[in-house]
Amino acid sequence: MRLAYLQAEGGATNRLLAGLAETATARGLRVIGTVQVNTDNPRTGRCDMDVTVLPGGPVLRISQDLGTGSHGCRLDPAALEEAVARTETALAAGADLLIVNKFGKHEAEGRGFRALIGEALAQGVPVVVGLNGLNAAAFAEFGAGFAQRLDASPEALLGWLEESKDDGLAAL
């Protein structure tokens, strides 16, 4: 099983995962999953979170608009379920790499992309996820000591991708 994760400050994790998706796709790999994007929207606030479902879209807003003056952020469960369902369909069609923009609260609680990550690993599809400090303990438990931490650099991600190829996993 090849499970890797990275943690970086600010939006660096999102940029690195999007770059990996672009590079792997350009190499002819079937990349599935989600990468976070921030669309140009004058209303965009700190809680807005859009993800592109790989391959090729759509872009889904997975955060809820709680209205003016709201405090805090909330994930939209229906939008998350749609992203998971679309990724599940893509996995059934065949994949070489699964990217999940974040192992978040829902995954920590056993929902969201958690089961799909397990299914991809069971099929020999390498998985890389973004991780924040809030869910690090739950991810460590989920990864059960086999998850590999990657440096937050394009070189580390590409090196991991090449190692996955060398291990003969999936169709890399």
Side-chain angles (χ1 to χ4, degrees), residues 1-24 31-38 45-54 60-64 66 70-88 91 95 97-164 167 169-170:
M1 284 192 264
R2 299 278 300 169
L3 174 62
Y5 67 98
L6 75 131
Q7 289 178 277
E9 297 298 318
T13 297
N14 301 327
R15 288 187 297 278
L16 287 165
L17 291 176
L20 176 64
E22 185 177 315
T23 299
V31 181
I32 64 170
T34 56
V35 292
Q36 185 172 338
V37 295
N38 294 320
R46 68 178 182 85
C47 291
D48 288 345
M49 187 165 72
D50 300 330
V51 295
T52 298
V53 179
L54 304 169
L60 300 174
R61 165 104 355 124
I62 62 171
S63 57
Q64 291 180 335
L66 299 178
S70 65
H71 299 285
C73 305
R74 188 176 313 151
L75 190 65
D76 181 344
L80 179 61
E81 287 177 26
E82 181 180 350
V84 171
R86 287 176 178 271
T87 304
E88 188 173 44
L91 179 62
L97 175 63
L98 170 61
I99 298 174
V100 177
N101 68 298
K102 184 167 87 173
F103 187 93
K105 179 182 176 185
H106 286 253
E107 288 75 22
E109 295 172 346
R111 298 173 292 149
F113 281 93
R114 188 177 180 130
L116 193 59
I117 292 168
E119 178 61 28
L121 292 170
Q123 291 182 26
V125 176
V127 178
V128 62
V129 301
L131 181 63
N132 63 25
L134 297 174
N135 301 299
F139 181 78
E141 183 179 317
F142 174 75
F146 68 90
Q148 178 182 355
R149 182 183 179 126
L150 300 176
D151 290 335
S153 72
E155 296 79 18
L157 287 168
L158 292 175
W160 175 81
L161 188 62
E162 288 300 318
E163 288 173 13
S164 295
D167 288 346
L169 295 175

Minimal non-hydrogen separation, Ala12 against Ala8, with atom names: CB-CB, 3.6 Å

Check ion pair Arg111-Glu107 (N to O, under 4.0 angstrom): no

Check: Asn135 main-chain N/O paired with Asn132 side-chain donor or acceptor under 3.5 Å: yes

Spacing of Arg114 atom CZ and Glu109 atom CD [to the nearest 0.5 Å]: 10.0 Å

Heavy-atom side-chain proximity of Pro154 to Leu16 below 4.5 angstrom: yes

Donor-acceptor under 3.5 Å (Asp151 side chain, Ser153 main chain): no

Verdict with supporting geometry, Leu20 and Glu22, side chain to side chain contact (heavy atoms under 4.5 Å, CB included): CA-CA 5 Å; Leu20 176 64; Glu22 185 177 315; over 6 Å; no

Heavy-atom closest pair, residues Leu116 and Val84: CD2-O, 3.9 Å

Validation row: Leu134, Lys105 side chains within 4.5 angstrom (heavy atoms): no

Salt bridge flag under 4.0 Å for residues Glu163 and Arg2: yes

Exercise: identify the closest heavy-atom pair between Gly33 and Leu98: CA-CD1, 3.6 Å

Shortest non-hydrogen contact from Val125 toward Ala95: CG2-O, 3.5 Å

Non-hydrogen side-chain atoms of Leu161 and Leu97 separated by less than 4.5 Å: yes

Candidate pair His106 and Leu80, rule side chain to side chain contact (heavy atoms under 4.5 Å, CB included), full reasoning: CA-CA 9 Å; His106 286 253; Leu80 179 61; 3.8 Å; yes

Interatomic distance, Glu162 atom CD to Leu157 atom CG [nearest 0.5 angstrom]: 12.0 Å

Backbone N/O of Leu75 and side chain of Ser63: donor-acceptor pair under 3.5 Å: no

Within-4.5 Å side-chain heavy-atom neighbours: Leu150 and Gln148: yes

Nearest non-hydrogen partners of Ala79 and Arg61, listed with the distance: CB-O, 3.2 Å

Approximate separation, where rounding is to 0.5 Å, of Asp76 CG and Glu81 CD: 9.0 Å

Side-chain touch Thr34/Thr52, heavy atoms, less than 4.5 angstrom: no

CZ on Phe113 to CG on Asn101, rounded to 0.5 Å: 7.0 Å

Considering all heavy atoms, the nearest Ala152-Gln7 contact: CB-O, 3.9 Å

Asp50 and Gln36, any side-chain heavy atoms less than 4.5 Å apart: no

Candidate pair Arg149 and Leu6, rule side chain to side chain contact (heavy atoms under 4.5 Å, CB included), full reasoning: CA-CA 6 Å; Arg149 182 183 179 126; Leu6 75 131; over 6 Å; no

Centroid-centroid distance, Phe103 to Tyr5, less than 6.0 Å: no

Candidates Leu54, Val129, Val100, Val128 - the one meeting side-chain contact (heavy atoms from CB on, under 4.5 Å) with Leu17: Val128

Residues Leu121, Ile117; criterion side chain to side chain contact (heavy atoms under 4.5 Å, CB included); working and verdict: CA-CA 6 Å; Leu121 292 170; Ile117 292 168; 4.0 Å; yes

